[in-house]
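Chain A is the first sequence line, chain B the second, and so forth, proteins listed ahead of strands; every chain is numbered from 1. Remember, it's a predicted structure, so these values are computed and weren't measured experimentally.
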Amino acid sequence: MSNDLPKTYDFKSTEERLYNWWWQNGWFKPEVHPDAEPFVISIPPPNVTGELHVGHAMFVAMEDLMIRHARMKGLAALWVPGSDHAGIATQLQVEKMLAAEGTNRRAIGREEFLRRTWAWKEKYGGIITQQLRRLGASCDWDRERFTLDEGLSAAVREAFVRLYRMGLIYRGEYLINWAPGLQTAVSDLEVEYSEEEGTLYYFKYPIAGRDGEYIPVATVRPETILGDTAVAVHPDDPRYRHLIGETCLVPILKRPIPVIHDTYVDMNFGTGALKITPGHDPADFEIGQRHGLPIVNVMNPDATMNENAGPYAGLDRFECRKKLWADMGAAGLTLKTEPYHLTVPRSQRGGEIVEPLVSTQWFVRMKPLADLGLEAVRSGRIRIIPERFTRVYYNWLENIRDWCISRQLWWGHRIPAWYGPDGSMFVAHTAEEAHAQARKKYGKEVELRQDDDVLDTWFSSALWPFSTLGWQEPTPDLQRYYPTSVMETGYDILFFWVARMIMDGLLLTNNVPFHTVYLHGLIRDQYGRKMSKTAGNVIDPLEVMDKYGTDALRFTLLTSATPGNDINLSVDRVAANRNFANKIWNAARFVLMNLGRPGSEVQSVTNETSISNLKSLDLPDRWILSRLNSVIASVNRLFDAYQYGEAGRQVYEFLWGEFADWYVEISKIAFGGANEEAKQRARAILVHVLDQALRMLHPFIPFVTEEIWQHLPHAPNEAPALIVARWPEADTRWVDAQAEADMALIMDLVRSIRNARAEYNVEPGRQIAATIAADGQQPLVESQARVIATLARIDPARLHIEERLAEPPPQSVALVVGGVSVYLPLAGLVDVAKERERLSQEVEATTQRIARSEKLLASDFARKAPAHVVQAERDKLRELQDRRAKLQEQLAALS
RNA sequence: GGGCGCGUAGCUCAGUUGGUUAGAGCGCACGGUUCACAUCCGUGAGGUCAUAGGUUCGAGUCCUAUCGCGCCCACCA
């Protein structure tokens with residue numbers, strides 16, 4: 001063999017080498033095209049302590065595809081990488097480590113804890129970004145950022161101070177979601193509701209001074225009875241109307257509370273009376289506000305009962321529930337219990353039950369921000385793909401509620417607020433600035449205490465597209481690369497992240513952070529189940545890459561789905577795409593084998609042969625060039641429409657099903673012959689088509705395409721690497737409908753003959769005779785006699801092509817293909833009865849189709865359908881009639 | 001309670017301005033050592049496009065309803 005490529009593509013020896021080579025040559029940097037229009041993506045920053053999962057593989061594949069495509073189109077492609085400090089997740093990791101050492105964060109103190117966490121981050125923080133490289137991510141690593149970097153921290157403080165001064169951040173005591181295990185507040189978005197079986201407890205609310213009279217009330221959380229500050233009924237409820245204004249006594253505690261009326265109460269639901277616990281229920285909190293009810297908090301931060309719970313103080317809330325209910329039973333206050341399915345709020349992190357309770361926290365006033373976010377999408381300044389998510393986006397923003405941003409954690413951006421001795425608050429960028437403010441107020445230096453809380457991790461993530469480029473300094477990067485181009489991420493963080501980036505971007509930079517949002521789906525297992533460790537169905541992308549290569553995984557992820565739809569990832573599919581990589585590899589080997597060694601005469605001639613200079617192209621040449629350019633045009637259309645999966649599938653089909661299966665096979669005729677010009681023509685076309693296909697595939701499967709491309713000859717002025725080579729544009733002069741139609745006929749002929757051979761069990765190696773009545777297609781069929789003979793294993797000496805036959809050959813298998821009759825004299829093999837049966841069936845099938853076509857043409861179709869559609873139908877009918885006539889002729893000749 | 005997605009071959013999925021006989025991969029059956037590739041080649045079987053209506057000359061594709069699966073949002077005890 002005249003080249004050194006191994007028989008099978010070995011991705012293991014390729015991927016890391018190419019990746020480093022690309023990076024070392026600076027091709028991941030936008031400066032490759034210093035004066036071009038920028039194309040920028042900010043990476044969705046993975047958790048710094050995280051490890052690669054298929055979700056990462058998905059966004060890396062998709063974003064790298066976009067970036068590589070843009071780069072090849074000549075844009076200044078910049079993909080900004082980085083990672084997220086992930087407050088809770090990281091803190092939990094470190095706390096786990098401390099627990100293993102027999103200590104905890106409170107014991108070692110805040111400062112030491114942060115030191116330990118940074119050490120942890122330094123040690124494990126590089127793993128994830130290393131794994132992103134493994135996927136081929138062509139990020140500019142010189143611009144890598146971390147959300148707790150000094151620059152990004154400054155951006156966070158700036159954002160906080162600005163929002164505060166605009167009145168968009170406030171601090172106050174409100175009902176929030178409290179995670180008792182984590183000991184922190186969490187935002188509404190971080191609470192998930194799960195349907196669970198529980199109990200509904202019915203009990204009596206005794207009326208003070210009316211012996212024996214009571215209002216029946218039901219609850220799913222009896223322990224909150226201890227925090228009740230009212231009983232509410234509907235003002236029109238005849239059962240209870242007369243009790244409005246009376247006083248009830250809280251069971252056991254005997255604390256007097258009023259009976260109030262509120263139209264919120266549904267008369268038809270439950271008992272029609274509602275206990276109001278403003279301290280522990282969101283709806284009750286609002287009712288309490290409306291009626292000026294006091295708030296009684298009965299729980300400690302660890303979800304044990306506090307002193308307001310009287311005799312139950314110190315008990316866990318669930319123990320309290322049990323004991324209180326028992327005591328109420330003893331006091332004759334219980335009515336009944338019944339099974340009930342309820343929605344239990346659970347923490348997204350860890351799954352513990354979240355308790356609504358009143359606490360002093362920091363909030364962002366969302367309404368004004370939401371209006372900005374809505375306008376940007378409504379006006380079209382930002383486009384969301386797929387479009388249906390715009391409605392989801394609108395719906396969320398239109399009903400948005402304030403965002404609780406303070407977290408009682410240590411790992412994160414500490415809230416830039418300081419308190420003076422009298423509790424006065426100073427919000428400032430730095431401690432110095434806060435002290436300056438304090439001096440002004442107090443007229444002297446005082447001691448200030450910084451707020452203990454840190455910000456929700458998503459607060460810093462919301463700044464990511466601009467904070468990573470240097471905001472709020474007017475850095476060259478910010479000037480040149482902001483706003484960014486596409487925000488590509490999973491639809492599951494549309495609210496958490498995408499919407500907040502849009503809002504903060506608009507407010508703080510006075511610009512959209514990106515013009516397009518592309519949302520991909522979630523990766524599920526091959527049966528559509530969510531991947532989880534407990535289900536044991538997790539697909540580890542690293543294992544998959546070890547086994548099948550990065551390209552195979554990427555191609556699978558990129559071609560398995562349409563935007564916004566979940567992907568059921570199956571390893572079988574990855575294996576199939578590994579085969580595809582190998583197929584390309586071998587097609588390339590074939591091409592190279594016929595080119596000779598680098599530097600050889602043949603290769604240098606091919607180097608300099610431009611397709612447009614080729615003379616006397618044969619049908620297969622014109623066909624493959626036409627197909628190539630049709631595919632290029634289609635792929636470009638699909639890329640413009642963000643239909644990447646379909647684009648990838650089309651190139652796959654083209655390369656394997658047309659180029660390899662047909663053109664390569666046909667080219668062997670030339671290489672087996674003595675016509676040097678034909679050989680050279682084939683070489684030039686093979687190289688050209690392969691080259692163009694590799695370019696289109698590179699964003700999908702960068703490694704195998706680059707590796708092959710490096711072995712192909714190129715024009716002297718060509719780019720040094722595929723990663724920076726030019727993206728193909730269709731040359732419509734090559735698109736040749738006649739060539740495609742003619743070739744389709746030849747291919748059909750070949751397929752039909754192969755089919756007949758298989759039906760009759762003709763030995764694959766045996767060359768047979770054939771007589772063809774071309775009926776108007778004689779020049780075409782004649783010109784491709786060699787192709788037909790070779791691909792269908794016809795003996796060229798016994799291939800007869802006539803315009804028409806005086807008499808069909810006897811003892812033959814007869815076929816009709818697109819108006820052309822083919823006779824295969826398989827003497828001794830032909831079973832006349834079987835043939836008659838087969839032909840009769842074909843006549844019958846054709847007759848049915850004729851009938852359908854005639855009926856269609858006799859209907860309104862002929863009048864109302866577009867002319868070209870009607871014409872196509874007429875042509876089809878004529879063809880069918882011709883086909884039937886020929887089949888009948890063949891049938892008649894069989895006797 | 002509102003909203004969204006999905007339901008196409010045994011399995012997993014494509015099918016985006018409605019227009020020939022609805023496609024792919026895997027699996028299955030039969031046959032293949034011709035020097036690119038057995039991670040391959042050739043041939044084949046397999047589908048009332050969930051169901052019922054409707055719009056249209058024409059519907060997998062548009063509309064309505066129903067069933068099944070999944071997801072998101074929502075303060076009914």
Side-chain angles (χ1 to χ4, degrees), chain A residues 1 3 5 7-9 193 200 217-221 232 264-266 269-277 281-287 340 342-343 356 386 388-389 391-392 395-396 399 491-492 494-495 521-522 524 526-530 548 552 556 559-562 564-570 572-573 575-594 638 641 643 645-646 649 652-653 657 660-661 664-665 668 751 754-759 761-765 793 845 849 853 856 859-866 868-870 872-873 875-876 879:
Chain A
M1 197 169 299
N3 64 70
L5 301 186
K7 223 170 157 178
T8 302
Y9 169 56
Y193 293 85
L200 187 57
V217 174
T219 180
V220 294
R221 292 183 298 155
Y264 169 81
V265 180
D266 182 347
F269 189 88
T271 65
L274 191 56
K275 66 190 262 321
I276 304 299
T277 322
D281 183 277
D284 294 3
F285 182 80
E286 281 183 25
I287 294 173
Y340 191 71
L342 57 156
T343 49
R388 63 186 141 90
F389 283 103
R391 286 183 61 191
V392 180
N395 188 50
W396 187 66
N399 300 294
Y491 65 74
D492 54 324
L494 179 61
F495 306 144
L522 273 33
R524 301 171 175 281
Q526 60 178 318
Y527 304 110
R529 297 173 308 188
K530 214 166 186 168
Y548 301 106
T556 304
T559 56
S560 288
T562 39
N565 283 0
D566 292 351
I567 295 172
N568 295 353
L569 181 64
S570 93
D572 286 349
R573 209 156 167 154
N577 288 324
R578 183 269 318 263
N579 297 352
F580 177 50
N582 192 55
K583 184 71 187 180
I584 309 169
W585 181 256
N586 274 289
R589 284 180 74 229
F590 172 80
V591 173
L592 290 168
M593 187 184 79
N594 286 292
L638 290 164
Q643 302 284 324
E646 181 61 16
R649 286 187 291 268
Y652 177 105
E653 289 296 325
D661 286 351
V664 164
E665 291 305 317
K668 288 176 182 173
R751 275 191 283 253
R754 283 172 174 170
N755 178 350
R757 293 178 60 116
E759 290 288 309
N761 296 316
V762 178
E763 305 91 277
R793 301 225 142 246
R849 292 183 54 198
S853 185
L856 185 61
S859 72
D860 282 352
F861 169 79
R863 286 204 318 280
K864 297 192 176 173
H868 72 277
V869 176
V870 177
E873 189 63 31
D875 293 347
K876 187 181 101 185
E879 230 174 85

Start at the 5' end of RNA chain B and walk down; is the nucleotide closest to L856(A) or to K876(A) reached first?
->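 The residue whose closest nucleotide sits nearer the 5' end is K876(A).
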Rounded P spacing from G27(B) to U20(B) in Å | 31 Å
Quantified in whole Å, what is the C1' atom distance between nucleotide C11(B) and nucleotide G47(B)?
-> 14 Å
Whole-Å distance separating the [atom1] atom of [X] from the [atom2] atom of [N]:
X       : N      : atom1 : atom2 : result
L638(A) : U17(B) : CG    : C1'   : 14 Å
F495(A) : A74(B) : CZ    : C1'   : 12 Å
D572(A) : G27(B) : CG    : P     : 7 Å
K864(A) : U56(B) : NZ    : P     : 8 Å
N755(A) : G31(B) : CG    : C1'   : 13 Å

Check: [N] base within 3.5 Å donor-acceptor of [X] side chain:
X       : N      : answer
R754(A) : U43(B) : no
E665(A) : A36(B) : yes
K7(A)   : C37(B) : no
R793(A) : U34(B) : yes
Y491(A) : C72(B) : no

Flag, side chain of [X] to backbone of [Y], donor-acceptor distance under 3.5 Å:
X       : Y       : answer
R793(A) : R757(A) : no
N586(A) : T8(A)   : no
N395(A) : R391(A) : no

Side-chain ion pair, K876(A) and E879(A), N-O less than 4.0 Å |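 Answer for the salt bridge query: no.
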OP1 or OP2 of A74(B) under 4.0 Å from side-chain N/O of N399(A) | no
With both pairing distances under 3.5 angstrom for Watson-Crick or G-U wobble, and | for a partner in another strand, the correct string for RNA chain B is (((((((..((((.....[...)))).(((((.......))))).....(((((..]....))))))))))))....
Trace of the side-chain contact (heavy atoms from CB on, under 4.5 Å) decision for T556(A) with F580(A) = CA-CA 11 Å; T556(A) 304; F580(A) 177 50; over 6 Å; no
